[in-house]
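To start, the structure itself, in structure tokens.
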Amino acid sequence: MSLYRILRPLLFTLPPETAHQLTLNGLRLLGAMGRPKTGAAILRQTVLGRDFDNPFGMAAGFDKNGDAISGVHRIGFGFAEIGTLTPLPQLGNPTPRVFRLTAERALINRLGFNNRGQMDALARLENWREKSPQARPVGVNIGANKEAADRIADYDIGAQRFAAVADYLTVNISSPNTPGLRDLQSGEAAGEIMRRVRAAAPDIPVLVKIAPDMSHDDAIGLAELARAENIDGLIISNTTLARDGVASSRRKDEAGGVSGAPVFDMATDMLRAVYRASGGKLTLIGVGGVSSAAAAYAKIRAGASLVQLYTGLVYEGPGLVTRMKSELAQMLRADGFSNIAEAIGVDARRADKGENVT
Ligand SMILES: Cc1cc2nc3c(=O)[nH]c(=O)nc-3n(C[C@H](O)[C@H](O)[C@H](O)COP(=O)(O)O)c2cc1C
């Protein structure tokens, strides 16, 4: 039994945001205590021009301000994504605004981009880079302030600020917790954001993070637009407004986005559809409901080059990353792959040939 199985009931007596802050503090300390271990060669690959020790990344929202990047790497993650960061600091919605749906292995959150603002994180990231030149990749997820007069301009500002320090940028137009933000996924607004971010950050990879609630056709349309605007890839997906997998929870009527196990199928199906439509020409990061090596492997086989998680970590603890790495390496070997890159999209390609992959 892992230590986290013993600690979790204690942690779960605390409000989710208190438990989260404690975890972040712990990771900050851990990050100062040494470097991450290099993983199995079979998990190593170059994606978006960066070297990844393994495909597992910390999803956005966990370390919004970039306080614990080294700690995130230290528990085994191959990369970290900080943010969402808005140009100006923002308090977010009133508390309570994060809820555990333990039986469903899910969370509902309506944080609303609470963060200390881009300038604060930028200073910390620059300082961290100087001290950790060889460190694993860090992505920066950018958003718009709730009260911004021109939300599209906020993405331009974020891209300019982080273009020199991020390994990649994520354009978050899919949070359900800033009213109207998801409207930016519509063709015209999305196209303008992509153009302006690409122009502001011409030398680093840019990805767009999308919601699992749009139709596959709309997601494929966004993917085509992304290619046309020289965007490198998509992150599929953010939290869902659907309540399908949580209908029996007493928390189901809390406003916000559902994350965790109930998102897995919808996010993976969308990922597969986009991969098939884009013929593997965009880099896809799969996120939503990953809490096992099997789930991560399914996303990779559906077309994800990299996989992120957040909620799985809340329920399974930090040891999950190490466990998933060794199990994923075994699964790849058992299927005859010599490197993870060979497994990306294999199920989607089989589906193209008419084989049944479900
Ligand atoms: C508490 C919480 C806060 C989040 N904040 C952000 C955020 O600021 N920006 C973002 O792009 N995604 C955010 N997300 C979404 C996650 O990055 C991820 O896309 C989603 O939770 C699905 O993955 P999971 O099932 O592994 O949690 C947040 C998720 C949670 C649970």
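Numbering starts at 1 and runs along the sequence shown. Atoms within each ligand, like the ligands themselves, are counted from 1 in listed order. Below, all heavy atoms of this structure are taken into account, side chains as well, without hydrogens, waters or symmetry copies.
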(message) Here's a test for you: under side chain to side chain contact (heavy atoms under 4.5 Å, CB included), which of Asp150, Leu169, Val171 qualifies with Tyr155?
(response) Val171
(message) Only heavy atoms of Leu309, strictly under 4.0 Å: list the atoms of ligand 1 that pass.
(response) 26 (O)
(request) Show which atoms of ligand 1 fall inside a sub-4.0 Å distance from at least one heavy-atom site of Val287. (result) 18 (C), 19 (O), 22 (C), 23 (O)
(request) Give the minimum heavy-atom separation between Arg198 and Asp203, together with the two atoms involved. (result) NH2-N, 4.4 Å
(request) Verify whether one side chain among Asn238 and Asn172 offers a donor that lies under 3.5 Å from an acceptor in the other. (result) yes
(message) With a 4.5 Å cut-off on side-chain heavy atoms, are Glu17 and Leu111 touching?
(response) yes
What protein heavy atom lies closest to [atom]? Include the residue and the distance to one decimal.
{"atom": "atom 7 (C) of ligand 1", "answer": "Thr84 OG1, 3.4 Å"}
{"atom": "atom 31 (C) of ligand 1", "answer": "Ser259 OG, 3.4 Å"}
{"atom": "atom 22 (C) of ligand 1", "answer": "Gly288 CA, 3.7 Å"}
{"atom": "atom 20 (C) of ligand 1", "answer": "Thr239 CG2, 3.9 Å"}
{"atom": "atom 15 (C) of ligand 1", "answer": "Asn238 OD1, 3.5 Å"}
{"atom": "atom 27 (O) of ligand 1", "answer": "Thr311 OG1, 2.6 Å"}

Close N or O approach ([X], ligand 1; < 3.5 Å):
{"X": "Gly289", "answer": "yes"}
{"X": "Gln308", "answer": "no"}
{"X": "Gly260", "answer": "yes"}
{"X": "Tyr310", "answer": "yes"}

Flag the pair [X] and [Y] as a salt bridge only when some basic side-chain nitrogen lies within less than 4.0 angstrom of an acidic carboxylate oxygen.
{"X": "Glu229", "Y": "Arg195", "result": "yes"}
{"X": "Arg272", "Y": "Asp269", "result": "yes"}
{"X": "Asp232", "Y": "Lys281", "result": "no"}

(message) Treating Asn65 as the side-chain partner and Arg116 as the backbone partner, does any N or O pair qualify as donor plus acceptor under 3.5 Å?
(response) yes
Taking the minimum heavy-atom distance to [atom], which of [options] ranks first?
{"atom": "atom 19 (O) of ligand 1", "options": "Gly57, Ala59, Ser237", "result": "Ser237"}
{"atom": "atom 28 (C) of ligand 1", "options": "Ala60, Pro16, Ala295", "result": "Ala60"}
{"atom": "atom 10 (C) of ligand 1", "options": "Arg97, Lys209, Lys64", "result": "Lys209"}

(message) Under the criterion ring pair (Phe, Tyr, Trp, His ring centres under 6.0 Å), I'd like the reasoning laid out for Phe77 against Phe52: C-alpha separation, chi angles, the key distance, then a yes or no.
(response) CA-CA 10 Å; Phe77 280 106; Phe52 287 82; over 10 Å; no
(message) With a 4.0 Å cut-off on heavy atoms, is Leu111 in contact with ligand 1?
(response) yes
(request) May I ask whether Asn172 places a heavy atom under 4.0 Å from ligand 1? (result) yes
(request) Look at the rings of His73 and Trp128 and say which category their plane angle falls in: under 30° parallel, 30 to 60° tilted, over 60° perpendicular. (result) tilted
